[in-house]
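So the structure is just underneath, and the comments pick up after that.
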Amino acid sequence: MTQAMIQMQGIKKRYYEGKPNELEILHGIDLQVYPGEFVAIVGESGSGKSTLMNIIGALDRPSEGSYLLDGVDMLSLKDGRMSEIRNKKIGFVFQNFNLIGRQSAQKNVELPMLYAGLPARQRAQRAMELLELVGMEERARHQPNELSGGQKQRVAIARAMANDPAILLADEPTGALDSQTSRTVMDLFHQLNRQQGKTIVLITHSQALAEECQRILTLVDGQIIGERAGKEVPAHA
Ligand SMILES: Nc1ncnc2c1ncn2[C@@H]1O[C@H](COP(=O)(O)OP(=O)(O)O)[C@@H](O)[C@H]1O
Ligand SMILES: [Mg+2]
């Protein structure tokens with residue numbers, strides 16, 4: 001049997017733990033995502049999607065539960081080691097792009113490679129290849145404020161791919177985009193999933209976008225209440 005890429009059991013997240021205003025946001029999430037899958041987690045605003053994404057992405061720790069990422073027990077790791085694995089295995093795409101303002105598109109894409117210790121020439125070369133992949137090679141020297149929303153998100157996707165991660169985690173990646181631009185961004189995710197075998201977790205409040213994925217998990221008030229197949233056919237099925 002294939003080992004899950006993401007394996008979560010009984011994940012709970014509480015804020016203000018031990019205080020009178022303690023608040024449990026995730027109530028025991030079990031989640032398995034297999035290599036090469038394109039999975040959607042869909043839920044309304046406030047259902048805990050970003051909280052869950054931060055735990056999947058090892059940006060935050062749960063209050064309870066276990067989490068294996070590619071077989072590694074993430075919660076047993078110290079923060080430094082956790083960050084190393086995060087940088088290597090996961091590429092993030094956010095609703096608001098999170099690009100660095102006074103840096104060119106190319107430098108933004110290079111940033112994760114800089115953290116990973118890649119030499120300058122290789123960084124520049126790979127950044128250009130990735131910008132080409134997302135159709136942004138002609139904007140390589142532009143800064144984010146000179147780009148449209150869709151262009152910024154394409155740069156952000158190139159940046160997410162910088163260290164050739166196994167997983168792309170996208171939190172409302174089309175939330176700030178018009179429908180036509182959203183289409184371009186979704187097409188790019190499908191392409192990366194099919195052609196490069198990237199495991200993709202798409203977090204969205206949009207049922208329509210979720211339908212495009214292979215598997216749809218529904219999050220309501222911090223619990224996964226159901227799972228069903230989407231319309232996307234797995235590339236390796
Ligand atoms: N750092 C935090 N401290 C306290 N409460 C938080 C924090 N982050 C999120 N929450 C609360 O957790 C709930 C879920 O938030 P979130 O995960 O952002 O939902 P979603 O992404 O689905 O809109 C919300 O009620 C939010 O106010
Ligand atoms: Mg959110």
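Counting starts at 1 for both ligands and their atoms, in listed order.
- Annotation for Tyr15: atom OH counts as buried by contact number, over 12 foreign heavy atoms lying within 6.0 Å.
- Heavy-atom contacts of Glu44 reach the following atoms of ligand 1: 22 (O) (cutoff under 4.0 Å).
- When distances from atom 2 (C) of ligand 1 to the protein are checked, a heavy atom turns up under 4.0 Å.
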>> Apply side-chain contact (heavy atoms from CB on, under 4.5 Å) to residues Asn193 and Glu232 and explain how you reach the verdict.
In response: CA-CA 11 Å; Asn193 173 248; Glu232 166 93 358; 3.9 Å; yes
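- Between Lys89 and Glu84, no side-chain nitrogen of the basic residue sits less than 4.0 Å from a carboxylate oxygen of the acidic one, so the salt-bridge criterion is not met.
- Look at Lys198 and Asp164 and you find a salt bridge, because one of the NZ, NE, NH1 or NH2 atoms lies within 4.0 Å of a carboxylate O, short of that distance.
- With rounding to the nearest 0.5 angstrom, the CD1 atom of Ile29 is 13.0 Å from the NZ atom of Lys13.
- Atom 15 (O) of ligand 1 has its closest protein heavy atom at Thr51 OG1, 3.9 Å.
- For atom 26 (C) of ligand 1, the nearest protein heavy atom (residue, atom name, distance) is Ile25 CD1, 4.9 Å.
- Atoms of ligand 1 lying under 4.0 Å from at least one heavy atom of Tyr16, given by number and element, are 3 (N), 4 (C).
- Among all non-hydrogen protein atoms, the one lying nearest atom 10 (N) of ligand 1 is Tyr15 CE1, 3.6 Å.
- At least one N/O/S atom of Ser50, from backbone or side chain, sits under 2.8 Å from the Mg ion (ligand 2).
- Residue Gln32 qualifies as enclosed at atom CD: its count of foreign heavy atoms under 6.0 Å is above 12.
- Of the options Ser47, Gly46, Gly48, the smallest heavy-atom separation from atom 24 (C) of ligand 1 is shown by Gly46.
- When only non-hydrogen protein atoms are considered, atom 18 (O) of ligand 1 lies nearest to Ser50 CB, 3.7 Å.
- Other residues, nucleotides and ligands place no more than 12 heavy atoms under 6.0 Å from the CG atom of Asp221.
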